[in-house]
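Heads up, the thing below is written out as C-alpha cells.
Predicted, not measured: the structure shown is a model, and the values here were computed from it. By convention in this document, chain letters (A, B, ...) are assigned in the order of the sequence lines, proteins followed by strands, and residues within each chain are numbered from 1.
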Amino acid sequence: MNLDFYKKPTLEVAESLIGKVLVVKNKNNVLSGKIVETEAYIGSNDKACHASWRKRVSCENLWKGGGIIYVYLTYGMHYMLNIVTEKDNFPSAVLIRAVEPLEGIDIMVQNRHTENIANLTSGPAKLTKAFGINKSFNGKSLLGRGIYVEDRNLPVCKIESSKRVGVDYAEEPWRSIEWRFYQSNSLFVSKRVE
DNA sequence: TATTGGATCGCC
DNA sequence: GCGATCCAATAG
C-alpha cells in the first residue's frame, strides 16, 4: 500500500484493511497473514484512544501521520500493533486485532508455543507474538521492507461491524460506537462479541 | 517514592 | 472466573 492509502480517514482505512495482507520480514523468514479484524481509534476526543489520555511519551507516534506503526505494551505483557492513519498532527490509528496465517506458519507455531493453528493469530496480542512484533517496531514506516501491507486480491465475503472490545471504561458514545470491523465468516476473528 | 490502571490471554 | 506482569502517569 502507498502513503495515500494510510492518509485517508481512519474508518475508511480500518474497513479497507480487511482482506489485505500483513507482511513481516526479518533475516531469514517471511511471515504473512490476511487481516480479518480491525478497530479504529480516532482523535483526542475519542475517550478510548490513547491520544485522549494525558500526554504520554509512549504514544507520540499517533501524531506523526499515516503510514507508520504504533506499538505499545498493555497488561504488562502484551504488545498491540496499530497502523497510524490520517494527516500529520491528527492522532488516529487502526488496531490490528486478528489475521489468518498465510506464510511462515511454522515460525508462528514456535513463537506461540502452540500447535493449534486456529489459536495462532486470533487476537491482538496473539498475532504480535506470532509475528515477533515488539516495541522495537514502534515508529517504523510501513513503506519499507521490514513490515508492510499489500493487496493480493484475496476474497472477502462480508464485513460486519460492532463496538470495540475492552473499552468499557470509556465514556459514551465512545464506549459503544461501532468502530470494530471484521470478516464475518473467519475462524480467526477474536471472540468476545457482545 | 508509592500507587494504580490498563485496546489481553490462558488456565482454572 | 481470575492471576500474571510492567510501564509510566499521577499523587504525595
Integer-rounded Å distance: [N] [atom2] and [X] [atom1]:
{"X": "A/Arg175", "N": "B/dG6", "atom1": "CZ", "atom2": "P", "result": "12 Å"}
{"X": "A/Tyr169", "N": "B/dT8", "atom1": "OH", "atom2": "P", "result": "9 Å"}
{"X": "A/Glu60", "N": "C/dA9", "atom1": "CD", "atom2": "P", "result": "11 Å"}
{"X": "A/Asp168", "N": "B/dG5", "atom1": "CG", "atom2": "P", "result": "16 Å"}
{"X": "A/Tyr72", "N": "B/dG5", "atom1": "OH", "atom2": "P", "result": "17 Å"}
{"X": "A/Trp53", "N": "C/dC7", "atom1": "CH2", "atom2": "C1'", "result": "11 Å"}
{"X": "A/Leu73", "N": "C/dA4", "atom1": "CG", "atom2": "P", "result": "17 Å"}
{"X": "A/Asn138", "N": "C/dA8", "atom1": "CG", "atom2": "P", "result": "11 Å"}

Under a 3.5 Å cutoff, is there a donor and acceptor pairing between the side chains of [X] and [Y]?
{"X": "A/Ser176", "Y": "A/Glu172", "result": "yes"}
{"X": "A/Asn61", "Y": "A/Lys64", "result": "yes"}
{"X": "A/Thr121", "Y": "A/Glu100", "result": "no"}
{"X": "A/Glu178", "Y": "A/Ser162", "result": "no"}
{"X": "A/Asn134", "Y": "A/Ser136", "result": "yes"}
{"X": "A/Ser92", "Y": "A/Thr85", "result": "yes"}

task: Looking at every strand, decide which applies to A/Lys129 at a 4.0 Å heavy-atom threshold: base, sugar-phosphate, or nothing.
output: nothing

task: Indicate, with a heavy-atom threshold strictly under 4.0 Å, whether A/Ala48 touches base, sugar-phosphate, or nothing.
output: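 Since a base atom lies under 4.0 Å of A/Ala48, the category is base.
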
- prompt: Is there ring stacking between A/Tyr75 and C/dA4, where the centres must be under 5.5 angstrom apart and the planes under 30 degrees?
  reply: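 So no, this residue does not stack on that base, at least one cut-off failing.
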
message: So, does A/Lys135 get its side chain near the phosphate of C/dA8, meaning an N or O under 4.0 Å from OP1 or OP2?
response: yes

query: Using 4.0 Å as the upper bound for N to carboxylate O, is an ion pair formed by A/Arg152 and A/Glu103?
result: yes

query: Any salt bridge between A/Arg180 and A/Glu37, counting N to O under 4.0 Å?
result: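 Salt bridge flag = yes for A/Glu37 with A/Arg180.
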
- prompt: Where the side chain of A/Pro124 is concerned, which of C/dC7, B/dC9, B/dA7 is the nearest nucleotide?
  reply: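 Out of C/dC7, B/dC9, B/dA7, the nucleotide with an atom closest to A/Pro124's side chain is B/dC9.
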
query: To the side chain of A/Val165, which of C/dC7, B/dG6, B/dT8 is closest?
result: B/dT8

- request: Just say parallel, tilted or perpendicular for the rings of A/Tyr75 and A/His78, cut-offs at 30° and 60°.
  value: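 The arrangement is perpendicular - the two ring planes meet at more than 60°.
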
- prompt: Do A/His50 and A/Tyr72 have ring centroids that are under 6.0 Å from one another?
  reply: yes

field: C/dA8 to B/dC9 separation - C1' atoms, rounded to the nearest Å
entry: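 Looking at atom C1' only, C/dA8 and B/dC9 are 23 Å apart.
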
message: Could you tell me how far C/dT10 sits from B/dA7 if I compare only their P atoms? Round to whole Å.
response: 14 Å

statement: Any stem touching DNA chain B, meaning at least three consecutive Watson-Crick or G-U pairs under 3.5 Å, ordered by first number, would be B:1-6 with C:6-11, B:8-11 with C:1-4

- prompt: Distance-only, no hydrogens or angles: does the A/Arg112 side chain make a donor-acceptor pair with backbone N or O of A/Asn119 under 3.5 Å?
  reply: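 Looks like yes, one N/O pair under 3.5 Å.
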
Expected rows: protein N/O vs nucleotides 10-12 of chain B N/O, under 3.5 Å:
{"unit_1": "B/dG10", "atom_1": "OP1", "unit_2": "A/Arg112", "atom_2": "NH1", "d": "2.7"}
{"unit_1": "B/dG10", "atom_1": "OP1", "unit_2": "A/Arg112", "atom_2": "NH2", "d": "2.8"}

query: Near DNA chain C, under 4.0 Å by heavy atom, which residues of residues 76-92 of chain A?
result: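 Residues of residues 76-92 of chain A that come under 4.0 Å of DNA chain C are, in numerical order, A/Gly76, A/Met77.
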
query: Name the one of A/Lys163, A/Arg164, A/Glu39 that satisfies side-chain contact (heavy atoms from CB on, under 4.5 Å) with A/Trp179?
result: A/Arg164

